[in-house]
Amino acid sequence: MPLTIRAIPVLSDNYAWLLRDEATGTTAIIDPGEAVPIERALAQDGNRLDFILLTHHHHDHTGGTDALRTRYHAKVAGPAVEQHRMPALDLPLHDNDRLEIGLSAGRILAMPGHTLGHIAYYFDQPPALFCGDTLFSLGCGRLFEGTAEQMFASLSKLRDLPAQTSICCGHEYTLSNALFALSVDPENPALATRAQEVRALRDKGLPTVPSTLGLERTTNPFLRAPDAQALASLRKRKDEF
């Protein structure tokens, strides 16, 4: 039986992701920026939380961790490289580590760029990538700690995942990303169509994520950048946009 996935809006524009392994009932939350919305969601779904999975140390992705750990006695997993500056980790994770949520097996991908120790979680049943602030729909994360070379290498790791992979990112940034993407790639028909869809969804107050990797390959200028120099230029222009 597959892993079911649900986006939980938290803070002003963050998403936490609630995962449930249907075969065992094992439940995990990814990047709980605050506790209360997670507690409300769990109350509707068995009031069980086994794992808290963190992608990086920023407080808007970790702020609810300790409250949730205390209430549900959940184990906390996150990047070993950043364990000195985030909530205490029961499971420090490294690149290519395996993590099991019930019978659903996930793989850890090191994603330096936004932060130096940033990681992503990839599950293949169904294919889903929980990428925090590395890859957004139509965008990528700011280079707060890493270099453009690191971010380019991180994004390059993702290009070979299955096209149907759900891109479950950490923020609702797609509309602003679409405006920038159109400014640098105005002749892309797939991007124009995606931008219209995004505008319609946001006008209705609906989320624009998850998208798919196949869609991002054709529309996301950062994922389409041919090299680190081009990505650096795009990131600088986006920062000033």
Side-chain angles (χ1 to χ4, degrees), residues 1-11 14-111 114-115 117-135 161 165-171 209-210:
M1 299 177 71
L3 196 67
T4 58
I5 299 165
R6 177 181 170 192
I8 310 296
V10 297
L11 301 172
N14 281 69
Y15 288 115
W17 295 90
L18 185 62
L19 282 59
R20 180 183 174 87
D21 175 64
E22 292 299 329
T24 64
T26 306
T27 303
I29 192 73
I30 296 182
D31 284 357
E34 58 178 332
V36 172
I38 311 305
E39 293 168 346
R40 289 176 183 151
L42 292 172
Q44 302 168 6
D45 193 28
N47 221 34
R48 172 179 176 178
L49 183 64
D50 300 282
F51 293 96
I52 300 167
L53 311 181
L54 307 176
T55 61
H56 65 294
H57 68 87
H58 288 162
H59 190 263
D60 62 322
H61 293 255
T62 66
T65 300
D66 286 332
L68 293 170
R69 184 211 313 258
T70 298
R71 178 166 179 176
Y72 300 98
H73 308 290
K75 291 184 178 180
V76 179
V81 173
E82 297 190 357
Q83 62 185 325
H84 62 289
R85 50 181 177 167
M86 65 195 318
L89 300 179
D90 302 296
L91 301 169
L93 300 172
H94 301 85
D95 192 29
N96 286 320
D97 278 353
R98 178 185 171 95
L99 179 70
E100 293 182 351
I101 306 300
L103 300 182
S104 297
R107 181 162 55 97
I108 308 308
L109 303 174
M111 295 276 115
H114 181 67
T115 68
H118 199 301
I119 62 174
Y121 299 84
Y122 175 71
F123 292 84
D124 60 8
Q125 301 258 344
L129 178 75
F130 301 90
C131 47
D133 287 0
T134 297
L135 178 66
L161 295 176
T165 300
S166 294
I167 303 301
C168 303
C169 58
H171 288 273
V209 296

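Please read these numbers as outputs of a predicted model, since none were measured by experiment. Counting begins at 1 with the first residue of the sequence. Every heavy atom of this structure was used, including side-chain atoms; hydrogens, water molecules and symmetry mates were not.
Taking every heavy atom of both residues into account, Ala74 and Arg69 meet most closely at O-CG, 3.4 Å. Across all non-hydrogen atoms, the minimal contact from Ala41 to Leu18 is CB-CD2, 4.3 Å. Among all heavy-atom pairs drawn from Ala80 and His94, the shortest one is CB-NE2, 3.4 Å. Pairing each heavy atom of Pro32 with each of Leu68, the nearest pair is CB-CD1, 3.6 Å. Between Pro87 and Leu54, the shortest heavy-atom distance links the atoms CD-CD1, 4.4 Å. Residue Gln83 comes nearest to Pro92 through the heavy atom pair OE1-CB, 3.8 Å, listed as atom of the first residue, atom of the second, then distance.
To the nearest 0.5 Å, the span separating SG on Cys131 from CH2 on Trp17 amounts to 9.0 Å. In this structure, CG in Leu129 is found 7.0 Å from CG in Leu135, a value given to the nearest 0.5 Å. Atom OG1 of residue Thr26 and atom CG of residue Leu103 lie 7.5 Å apart, to the nearest 0.5 angstrom. With rounding to the nearest 0.5 Å, the separation of CD1 in Ile38 from CZ in Arg71 is 12.0 Å. Atom CD1 of Ile119 and atom CG of Asp97 lie 8.5 Å apart (nearest 0.5 Å).
Partners of Arg98 according to the salt bridge (charged side-chain N to carboxylate O under 4.0 Å, His left out) rule, which considers only residues two or more places apart in sequence or in another chain, are Glu100. Scanning for salt bridge (charged side-chain N to carboxylate O under 4.0 Å, His left out) contacts around Arg107 gives an empty result, with sequence neighbours left out. Every residue meeting the salt bridge (charged side-chain N to carboxylate O under 4.0 Å, His left out) condition with Asp95, not counting sequence neighbours, appears here in chain and number order: Lys157. By the side-chain hydrogen bond (donor to acceptor under 3.5 Å, both in side chains) test, Thr134 pairs with His118, sequence neighbours left out.
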Distance-only donor-acceptor pairs under 3.5 Å for side chains of residues 2-9, two or more places apart:
{"from": "Thr4", "atom 1": "OG1", "to": "Arg20", "atom 2": "O", "distance (Å)": "3.3"}
{"from": "Thr4", "atom 1": "OG1", "to": "Glu22", "atom 2": "OE2", "distance (Å)": "2.9"}
{"from": "Arg6", "atom 1": "NH2", "to": "Gln44", "atom 2": "OE1", "distance (Å)": "3.1"}

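The shortest distance between side-chain heavy atoms of Pro127 and Tyr122 falls below 4.5 Å. With a 4.5 Å cut-off on side-chain heavy atoms, His171 and Asp133 count as touching. At a threshold of 4.5 Å between non-hydrogen side-chain atoms, the residues Tyr121 and Leu109 do not count as touching. Inter-residue side-chain proximity for Leu93 and Pro79 is flagged as unmet; no heavy-atom pair is nearer than 4.5 Å. The shortest side-chain heavy-atom distance between Ile29 and Leu53 does not fall under the 4.5 Å cut-off. Contact check for Gln125 versus Ser104: no side-chain heavy atoms found under the 4.5 Å cut-off. Within the 4.5 Å cutoff, side-chain heavy atoms of Cys169 are placed close to those of Val209. Residues Ile30 and Leu19 form a side-chain contact, since some pair of their non-hydrogen atoms from C-beta on lies under 4.5 Å apart.
Relative orientation of the His58 and His56 rings is perpendicular, given thresholds of 30° and 60° on the angle between their planes.
The backbone N or O of Leu42 lies less than 3.5 Å from no partner atom in the side chain of Asp45, so there is not a single donor-acceptor pair. Of the possible polar contacts, one joining the Glu34 side chain to the Leu11 backbone as a donor-acceptor pair under 3.5 Å is found. Of the possible polar contacts, one joining the Thr70 side chain to the Asp66 backbone as a donor-acceptor pair under 3.5 Å is found. With hydrogens and angles ignored, the 3.5 Å screen pairs no side-chain donor or acceptor of Asn14 with any backbone N or O of Gly33.
For His57 and His84, the gap between ring centers reaches or exceeds 6.0 Å.
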Item to check | Audit row: Phe123, Ile101, side chain to side chain contact (heavy atoms under 4.5 Å, CB included) steps and yes/no | outcome: CA-CA 10 Å; Phe123 292 84; Ile101 306 300; 3.8 Å; yes
Item to check | Derivation of the side chain to side chain contact (heavy atoms under 4.5 Å, CB included) call for Asn96 and Ile108 | outcome: CA-CA 5 Å; Asn96 286 320; Ile108 308 308; over 6 Å; no
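Sorted by first and then second residue, the side-chain hydrogen bond (donor to acceptor under 3.5 Å, both in side chains) pairs involving residues 73-82 (not counting sequence neighbours) are Glu82-Thr115.
In this structure, a donor-acceptor pair under 3.5 Å is present between the side chains of Thr55 and Asp31.
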